[in-house]
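Worksheet: the structure to be examined is printed underneath.
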Amino acid sequence: MTVGGLGARDLAGCEHRTALDSSSSEVAATLPHTASAVRRMEAAALHRAQVRQTLRGFHRDSWIDISETGLQSHADRVEMTMRAISSGTRWIWSPALPDDPSGAHGSPEALVATPEGHVPVIVVNHRVSHAAPDRSRVARVTSETVTSPLWAWMPGRDPARSARPHRRDQLRLAHLRRILISAGVRTPWTGASIGLDADSVIITDLAPIWQGYLATFNRRRDIAAGREPTRPSRVGECRGCRWWPVSCEPRLLVDHDVSLVVNGQQATALRSHGVTSVDQLARASSAPDEWAGAPFDDAVVVARAWLADVPIVRRVPRPTIHRADVEVDVDMESHGEDGAYLWGTLLTDNTDPSVPVRYRPFASWSPLPTDDEARSFAEFWAWLSARRAEAAEAGKTFAAYCYSQSAENRWLRSSARRFSGFDGVPTLAEVDEFIDSDQWQDVFEAVADGFICPHGRGLKTIAPLAGFTWRDPEAGGEASMEWYRRAVGIGGRADIGQRTRLLQYNEDDVRATKVLREWIDQRAADEVPTIDELPLAGSAAQDDRRR
């Protein structure tokens, strides 16, 4: 990015990243992308390619792909794009637009010619709308959502769909409209998005957000030009940012910046009251008026634990978790909004040591969405129900465990609804009865009840404290999305090895859940310090951390 120049990416997210990208553009060009960022870019590129293929099939008679013209220079591609606009080509894929004199630059995935002018179309790798699953949902959906089919430009109210606005997308569309106007292209007050489901085009009215876009553009332009100072602060975006390990994290660690232990909104609230460091938070006695989220007292404990380099703290003398004679650990794997393709289980019979602790998966390797998901879900439910019934007949107690039940509950209920009537699929009432019973336990909630966790409560963070290690060093939800795409052959031939990798990852997750809950029950009280056992802020131990 040139100094003062802004692409759509520079308008949203971390302001300090915008400043670094602008002031140190040569350094930025040498920084490698994180592995997670590479996976996201590859997935986005694959999605764009699939949408391109679909649109080209519909609009072949009035279609041009600027990237296929063989033109190398940006100026030549801009000239070709402008000729295509003038000639009335209905769909222009991969257009190149001239930079705006203000420094705005960028291009959409496509331009579509409409009676009102050329509309920028962006293709994004996330959901841009909700489809209504039933009539009751349709009745609640606002009639303001406007969509168009992919096969023709026919915008209209869509009562069966509800838009999911994304600020980043809105800013990008407004940015593109600015560039089109500057280039002399007639364009209406609308932009269009094709999301992950790629079954329609969502139309966005840009008029209501235009003034907000202009204000954002002007501020970001001042930041890029160095006229508006910024400072690093840890936010969710930092996990995938190239600047984090080389610039921001080292500085924040030296300063003991308060954002290292609280979220972005909380850090802003604290700074507005003069609390800028972890040390100050550790000594704080009252919360700012703007405080939101986790209890303020927990944040103070997290600050003290961070200073003492303590990874987990006990809330209570002896943490507890529900136990049973027969226990099943469950972990579900889904792919975005498409469905749940794998239910993994681990059976433990605490009353009979001769029964092996055995992992059993129930999977569908047909690309989602697929009715084969009903088959794998029904098999999982039948197996789980059989274990519950066997325990009851033997006079044994039973419990099934997951880690953060919101995901499992969502797909348990969704699967029962979507596949109602398929052989072996339970009714929604049966699923709800199980979810609401004491036979379904959330280990994540037990961790929250018993501990304060300075580095978060994710399974990958907490289970290692109990002694568990994943076999795959890249194991994680984001990585598993890419493994799944390869496993089922999305964008190429199916890779059986990735199926094995996913099964191993899923097995490790259920084993990690088992290890963690047993650790909570048997060892945590002896291994984890209580809040009262933490050093006070300003103690010698915490001074060592500062040095």
Side-chain angles (χ1 to χ4, degrees), residues 7-13 40-41 43-59 63 65-67 90-97 104-132 141-181 185 187-210 212-213 216-217 336-338:
R9 176 178 180 271
D10 303 307
L11 299 176
R40 287 195 299 272
M41 289 187 288
L46 175 61
H47 178 54
R48 286 194 298 271
Q50 292 170 331
V51 171
R52 172 192 173 278
Q53 183 176 3
T54 299
L55 291 174
R56 183 176 184 176
F58 286 136
H59 306 288
W63 169 278
D65 186 341
I66 302 299
S67 66
R90 176 60 62 88
W91 281 87
I92 306 172
W93 184 264
S94 192
L97 300 178
H105 59 82
S107 295
E109 274 66 52
L111 289 171
V112 57
T114 75
E116 295 78 27
H118 280 78
V119 174
V121 181
I122 62 174
V123 178
V124 295
N125 202 34
H126 53 254
R127 299 282 176 185
V128 296
S129 67
H130 291 288
V141 171
T142 173
S143 62
E144 295 305 310
T145 299
V146 179
T147 69
S148 172
L150 297 177
W151 49 268
W153 185 257
M154 297 190 307
R157 303 293 183 189
D158 190 343
R161 191 171 290 270
S162 179
R164 298 175 63 175
H166 290 260
R167 182 172 182 270
R168 188 183 298 269
D169 296 348
Q170 293 175 333
L171 289 172
R172 183 184 175 195
L173 288 171
H175 195 63
L176 292 168
R177 182 176 187 273
R178 178 194 194 120
I179 297 169
L180 286 167
I181 292 171
V185 178
T187 183
W189 282 97
T190 54
S193 306
I194 300 175
L196 191 59
D197 42 10
D199 59 359
S200 64
V201 182
I202 303 299
I203 312 300
T204 300
D205 181 3
L206 300 178
I209 68 169
W210 188 251
Y213 157 72
T216 298
F217 179 88
E337 305 287 328
D338 295 332

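When reading the values below, keep in mind they use all heavy atoms of this one structure, side chains included, and skip hydrogens, waters and symmetry mates.
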Could you walk me through whether T145 and R157 pass the side-chain contact (heavy atoms from CB on, under 4.5 Å) test, one step at a time?
-> CA-CA 6 Å; T145 299; R157 303 293 183 189; over 6 Å; no
Before giving the answer on side-chain contact (heavy atoms from CB on, under 4.5 Å), spell out for L171 and L173 the whole-Å C-alpha distance, their side-chain angles and the decisive distance to 0.1 Å.
-> CA-CA 5 Å; L171 289 172; L173 288 171; over 6 Å; no
Determine, for Y213 and R178, whether the Lys NZ or Arg CZ falls below 6.0 Å from the six-membered ring centre while staying within 45 degrees of the axis.
-> no
Residues in side chain to side chain donor-acceptor pair (under 3.5 Å) with W91, at least two apart?
-> H59
For A207, all residues meeting side-chain contact (heavy atoms from CB on, under 4.5 Å), sequence neighbours excluded | W189, D205
By side chain to side chain donor-acceptor pair (under 3.5 Å), which residues pair with R177, not counting sequence neighbours?
-> none
For R52, enumerate each residue passing the side-chain contact (heavy atoms from CB on, under 4.5 Å) test, keeping only those at least two apart in sequence or located in another chain.
-> R56, W63, D65, E68, W93
Would you say the side chain of S129 lies within less than 4.5 Å of the side chain of D197, judging by non-hydrogen atoms?
-> yes
pair S200-P149: side-chain heavy atoms closer than 4.5 Å = no
Inter- and intrachain pairs under salt bridge (charged side-chain N to carboxylate O under 4.0 Å, His left out), touching residues 105-122, at least two apart = E109-R172
Distance-only donor-acceptor check, side chains T147 and R161, under 3.5 Å = no
Do any side-chain atoms of residues 118-128 form donor-acceptor pairs under 3.5 angstrom with protein atoms, and if so which ones, sequence neighbours left out?
{"from": "H126", "atom 1": "NE2", "to": "D169", "atom 2": "OD2", "distance (Å)": "2.7"}
{"from": "R127", "atom 1": "NH2", "to": "D338", "atom 2": "OD1", "distance (Å)": "3.0"}

Under 6.0 Å from the CZ atom of R164, do we count more than 12 heavy atoms belonging to anything else shown?
-> yes
